[in-house]
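Below is one structure. I have some questions about it.
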Amino acid sequence: MQKRERFRRFIEYFTQHYPDPKTELNFGNPFELLVAVILSAQCTDKRINQISPALFARFPEPESLAAASVDEVFSYIRSVSYPNNKAKHLVGMANILLSKFGGEIPATVDELQTLPGVGRKTAHVILSVVYNEPTMAVDTHVFRVSHRIGLAPLTATTPLAVEKALMAHIPKQYVPKAHHWLILHGRYVCLARSPKCEICALREFCKYYEKLLVVSQ
DNA sequence: ATCCCGAGGG
DNA sequence: CCCTCTGGAT
């Protein structure tokens, strides 16, 4: 199947099944989203949503988080992955947010990436969700699923390469949705270890299902 | 043993 | 490029 046809089928299928896809992280404002996305690295959204209510109640804005001790922040996030690193990142992030950006969430990739704990993926999530920009954040799900269903070539071995492949072929108006479609599909159908190919509507043009693809990431 | 909406440092 | 961080679910 041609590349163009794969993208067309992909968009057609998910437009019907997930008309309005969005993040499953709970948040009430851009600051809370930034905190939640930093915490979500190598951790399930479900777990973040379990600890975020108490965290947001104690640190509702950059000021309280910047003034907090790393130990106290740690006590709120001890059940997520890499709590030591993330506690330092959160306090550092809040301080930079206040000193460099007046407490506002930056709106460019370069500025966002100056914040501790914020890499390209997190920056693109913020740009997409907060500022409605057509950016493609490539996480573990996007990376894996894109390869399996042939939206990215196997030669795209880095998240940036996958990002470029997707951006080159997905119409701008579908980019934010496609980001969430790939995540939802990866989370609930196209699982890393034992993908549910028997219920997958995309298997007819899936390289993984054809066993032409063995790599994950 | 492997994976989860990665990032920082060497 | 590599390595480390490191809790909980499957």
Side-chain angles (χ1 to χ4, degrees), chain A residues 14 18 21-27 30 32-52 54-55 70-71 73-97 106 109-131 133-148 151-152 155-163 166-167 175-196 208 214-217:
Chain A
F14 282 102
Y18 299 99
K22 52 188 179 185
T23 178
E24 295 186 335
L25 288 169
N26 296 332
F27 66 98
E32 290 184 358
L33 176 67
L34 179 57
V35 171
V37 177
I38 289 174
L39 289 175
S40 73
Q42 295 296 294
C43 192
T44 58
D45 284 3
K46 259 179 201 171
R47 176 143 301 280
I48 303 307
N49 290 335
Q50 287 173 1
I51 62 102
S52 62
L55 183 70
V70 172
D71 284 347
V73 176
F74 176 88
S75 71
Y76 282 84
I77 67 170
R78 58 166 62 256
S79 69
V80 309
S81 48
Y82 316 133
N84 279 305
N85 285 348
K86 288 174 180 174
K88 285 180 211 165
H89 289 160
L90 288 180
V91 175
M93 176 276 284
N95 275 285
I96 302 289
L97 216 49
V109 180
D110 289 342
E111 289 177 319
L112 283 164
Q113 285 199 104
T114 66
L115 300 171
V118 178
R120 188 176 183 85
K121 178 257 170 179
T122 299
H124 277 182
V125 170
I126 298 301
L127 288 177
S128 177
V129 177
V130 176
Y131 296 105
E133 286 194 26
T135 60
M136 177 60 70
V138 178
D139 65 10
T140 182
H141 295 304
V142 174
F143 190 90
R144 180 182 67 255
V145 176
S146 295
H147 282 141
R148 284 182 177 172
L151 299 187
T155 52
T157 57
T158 66
L160 182 58
V162 169
E163 176 189 323
L166 294 174
M167 291 300 287
V175 167
K177 289 186 177 186
H179 163 69
H180 294 298
W181 284 335
L182 289 166
I183 288 175
L184 292 171
H185 191 60
R187 183 176 296 162
Y188 298 112
V189 179
C190 195
L191 313 185
R193 278 178 286 193
S194 47
K196 301 178 180 178
Y208 184 88
V214 182
V215 301
S216 54
Q217 182 175 357

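All of these numbers come straight from a predicted model, not from anything done at the bench. The basis for the numbers below is simple: all heavy atoms, side chains too, and nothing from hydrogens, waters or symmetry mates. Lettering follows sequence order; numbering is per chain, from 1.
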- A:Phe74 CZ to C:dC5 P, in whole Å, measures 14 Å
- Task: Quick one: sort the A:Tyr18 and A:Phe14 rings into parallel, tilted or perpendicular, breaks at 30° and 60°.
- Result: parallel
- Message: Going by side-chain hydrogen bond (donor to acceptor under 3.5 Å, both in side chains), name the residues that satisfy it together with A:Thr114, two or more places apart in sequence or in a different chain.
- Response: none
- Whole-angstrom distance between B:dG10 and C:dT6, as gauged at atom P: 16 Å
- Item | ring pair (Phe, Tyr, Trp, His ring centres under 6.0 Å) against A:Tyr82, all qualifying residues, sequence neighbours excluded | none
- By salt bridge (charged side-chain N to carboxylate O under 4.0 Å, His left out), which residues pair with A:Glu163, not counting sequence neighbours? A:Arg120
- Message: Can you tell me if A:Arg144 touches the phosphate of B:dC4, counting only side-chain N or O atoms and a distance under 4.0 Å to OP1 or OP2?
- Response: yes
- Item | All side-chain hydrogen bond (donor to acceptor under 3.5 Å, both in side chains) counterparts of A:Glu24, not counting sequence neighbours | A:Arg187, A:Tyr188
- Item | Whether A:Asn26 side chain and A:Asn49 backbone form a donor-acceptor pair below 3.5 Å | no
- Task: Using the C1' atoms only, state how far C:dC1 lies from B:dC4, rounded to an integer number of Å.
- Result: 24 Å
- Note on the structure: A:Thr44 meets the side-chain hydrogen bond (donor to acceptor under 3.5 Å, both in side chains) criterion, sequence neighbours left out, with none
- Message: Rounded to whole Å, how long is the line connecting atom CZ of A:Arg193 with atom C1' of B:dC4?
- Response: 9 Å
- Gap between atoms CG and P, on A:Leu39 and C:dT6 respectively (whole Å): 14 Å
- Query: When you match A:Gln50 and A:Asn84 each to their closest nucleotide on DNA chain C, which lands nearer the 5' end?
  - Reply: A:Asn84
- With sugar-phosphate taken as primed atoms, P, OP1 and OP2 and all else as base, the protein-contact string of nucleotides 5-10 of chain B at under 4.0 Å (heavy atoms; B, S, -) is BBSS--
- Rounded distance in Å - CD1 (A:Ile77) to P (C:dC5): 16 Å
- Query: At under 4.0 Å, does any side-chain N or O of A:Arg47 touch on OP1 or OP2 of C:dA9?
  - Reply: yes
- Can you tell me, in whole Å, how much space there is between the P of C:dC5 and that of B:dC5? 23 Å
- Message: What is the distance, to the nearest angstrom, from the NZ atom on A:Lys88 to the C1' atom on C:dT4?
- Response: 12 Å
